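Note sheet for the following structure.
The residues of the chain are indexed from 1 along the displayed sequence. Order of listing sets the numbers, starting from 1, for every ligand and every atom in it. Keep in mind that what you see is a predicted model, and the values were worked out from it rather than measured.
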Amino acid sequence: MLPSPSEAWQSCLEIFQDNIENTISFQTWFAPIKPVELAKSGSQILLTVELPSRFYYEWLEEHYYALISTTLAKVLGPDARLYYKIILAKEEEEEAAMRLPARTVSRRPRTQPLIRSEVPQEPVDRPALPPVKSNLGLNRTFDNFVEGDCNRLARSAAVAIAQNPGETSFNPFLIYGGVGLGKTHLIQAIGNYVRANHGKKRVLYVSSERFTNDFVQAIQQNQISRFSSFYRSIDVLIIDDVQFFGGKEKTQEEFFHVFNELHQIRKQIILSADRPPKEIKGIEERLLSRFQWGLTADLQVPELETRMAILKRKASDDGIDLPQDVIDFIAHNIKSNIRELEGALVRLMTHATLLNDEINTAMAKTALKDLIHHRPANLSIDHIQQIVCEYFDMNQDLLREKTRKREVVQARQIAMFFSRKLTQNSLKTIGLQFGGRDHSTVVHSNNAVADQMETNKQYRDMVEQIRSSLLSSLP
Ligand code: ADP
Ligand code: MG
């Protein structure tokens, strides 16, 4: 007696789960698979499972072939075979491919009876709409997005969506990850691909702030219905940095409706956030749960090899010849994100042009000194005070005195800020070295400096200059 297809598949799932480290990958690739049939044919046992799209088939075959075949043999014996049924999106039907044996020799799908997916029809007589300005950066493409372990899942899903917007089960598609890791690049790459390959689709990229501002403006100008119908006319809606919807109730409500209506008629929604959805603050539960209806994928900090590949790629795009040891040097020292890698390259190029200097490791060391984030072990509070006071041409003792003269307060705050940032000392110790001040004064100074850096460019430049002198004052 054969087990039921779902019993057999359940046993397989347990093995898959044990063998796939990343639970997101497991959820993404295996949870949507449905077992549909288990049958005997001669000596063979055939298990048929249904996949949401062709992309799943390709992905599973490429990445999980070995795991799937050993699992199947374990659960159903050596004569077991797996068949995939794929739910086809409308346009695919002509080239129809239906039942695909796992890892066929040719991989060319054979024609079998069709399974139609229930794709709602587009309204036929959609009135001609004025073209939409997409707001996409032209150089944000898949072509120049370097693939690595840190972004593989997100990138592949993005490609699948770009090829079939609205028709994969990745709707919405939410990418999250820290600053400078490529979220904006990747979501815009989807938009650019759709624009280039599905010319009729209306693609719109907006930041969540822009959505919010447009909405507020629409309210003020009494043009809400225009706002709504505009957003509802979009085929691929890309919203960047949705964490900024936090706390904006009215905007969230509007977005909730836009989301529902677009989703219902299978328009593609693509979102980015700087953290996983459940950690986003101030967003209504019903919206958060919708963010997770489709696929959530993260971008991680790039590993060494990817950092090197990105540097190589960017340098060659800019037409500069970067020696391997310089690539190694940068990739080993700048680790936190890709924007900083780019910053380092720009810095090197400027340095090379200005000084008419050859790019080599020694030059890179000097040019990038202040970008390299090692926490200098030998930087002391006293040394920081000294450098800051040199900058302001002021007597160091003033920092420890009670005076509240403006320049002194400013120098004191900045020195405290760097003592906090660049040394391991506790708030209490720092306070003590500034004339026995309380730890809350240190916290306050730190915030005051950070706030002013946010809002005042001149101030920010000044602090950065002091940072440079601090770092270059080290041996
Ligand atoms: P985020 O939106 O996550 O803060 P961005 O998308 O703005 O990050 O990326 C920062 C910079 O790094 C951009 O200039 C982008 O083109 C570049 N970048 C990010 N990821 C990659 C990648 N995998 N390959 C090439 N460039 C990348
Ligand atoms: Mg961004």
Side-chain angles (χ1 to χ4, degrees), residues 134-162 172-196 203-213 236-246 269-277 279-280 291 295-320 322 327 330-331 333-350 368 371 373 454:
S134 287
N135 307 325
L136 296 165
L138 289 181
N139 55 354
R140 302 284 184 246
T141 62
F142 289 123
D143 256 3
N144 57 22
F145 188 83
V146 175
E147 184 174 356
D149 288 344
C150 56
N151 61 34
R152 189 159 285 124
L153 173 68
R155 185 184 171 284
S156 316
V159 170
I161 289 162
F173 177 42
L174 185 143
I175 297 183
Y176 71 88
V179 58
L181 296 181
K183 301 181 295 293
T184 301
H185 188 139
L186 200 51
I187 59 182
Q188 291 206 2
I190 304 177
N192 277 315
Y193 186 98
V194 173
R195 295 246 307 166
V203 179
L204 178 68
Y205 165 89
V206 284
S207 63
S208 60
E209 287 125 316
R210 170 82 184 272
F211 183 95
T212 307
N213 292 342
V236 177
L237 177 62
I238 307 172
I239 304 217
D240 209 351
D241 289 317
V242 293
Q243 72 275 5
F244 293 127
F245 281 144
I269 300 163
I270 298 162
L271 310 167
S272 86
D274 67 352
R275 64 200 80 179
E279 288 172 21
I280 304 179
F291 287 174
L295 175 66
T296 302
D298 67 335
L299 289 177
Q300 290 175 358
V301 175
E303 56 291 349
L304 181 67
E305 292 74 15
T306 310
R307 298 201 295 277
M308 290 168 102
I310 289 174
L311 284 166
K312 262 196 195 131
R313 174 64 200 262
K314 303 236 177 242
S316 95
D317 286 353
D318 287 333
I320 49 171
L322 210 54
I327 294 185
I330 306 176
N333 285 288
I334 296 188
K335 302 177 182 166
S336 54
N337 71 54
I338 297 162
R339 191 169 296 147
E340 288 191 357
L341 284 179
E342 287 183 341
L345 263 189
V346 171
R347 178 77 69 90
L348 276 191
M349 285 191 284
T350 327
L368 305 180
L371 289 182
H373 296 302
E454 266 307 290

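Taking Glu147 as the reference, Arg152, Arg155 meet the salt bridge (charged side-chain N to carboxylate O under 4.0 Å, His left out) condition, with sequence neighbours excluded. Under the salt bridge (charged side-chain N to carboxylate O under 4.0 Å, His left out) criterion, Arg195 pairs with no residue, sequence neighbours left out. For Asp241, the side-chain hydrogen bond (donor to acceptor under 3.5 Å, both in side chains) partners at least two apart in sequence or on another chain are Gln243.
Checking Gly137, Cys150, Gly180 against atom 1 (P) of ligand 1, the nearest heavy atom belongs to Gly180.
Judged purely by atom type and a 3.5 angstrom limit, Asn144 uses its side chain to pair as donor or acceptor with the backbone of Asn139.
Just one of Ile270, Ile161, Ile239 meets the side-chain contact (heavy atoms from CB on, under 4.5 Å) condition when paired with Ile187; it is Ile270.
Polar contact check, Leu181 against ligand 1: a nitrogen or oxygen pair lies under 3.5 Å apart.
The side chain of Lys314, and not its backbone, has at least one atom closer than 4.0 Å to an atom of ligand 1 (non-hydrogen atoms only; side chain from C-beta on). Using a 4.0 Å cut-off between heavy atoms, Thr306 makes no contact with ligand 1 at all. The part of Glu342 lying near ligand 1 is the side chain, judged by heavy-atom distances below 4.0 Å.
Atom CD of Gln300 sits about 10.5 Å away from atom OG1 of Thr306, to the nearest 0.5 Å.
In the vicinity of Val179, heavy-atom distances shorter than 4.0 Å reach the ligand 1 atoms 4 (O). Close approach of ligand 1 to Asn151 is summarised as follows: ligand atoms under 4.0 Å from at least one heavy atom of the residue are 23 (N). Applying the 4.0 Å criterion to heavy atoms of Gly178 picks out, from ligand 1, the atoms 3 (O).
By the criterion of a separation under 2.8 Å, the protein N/O/S atoms near the Mg ion (ligand 2) amount to Thr184 OG1.
Salt bridge status for Asp318 with Lys314: absent, with no side-chain N to carboxylate O gap under 4.0 Å.
Contact between Pro276 and Tyr176 at its shortest, heavy atoms only, is N-CD1, 3.5 Å.
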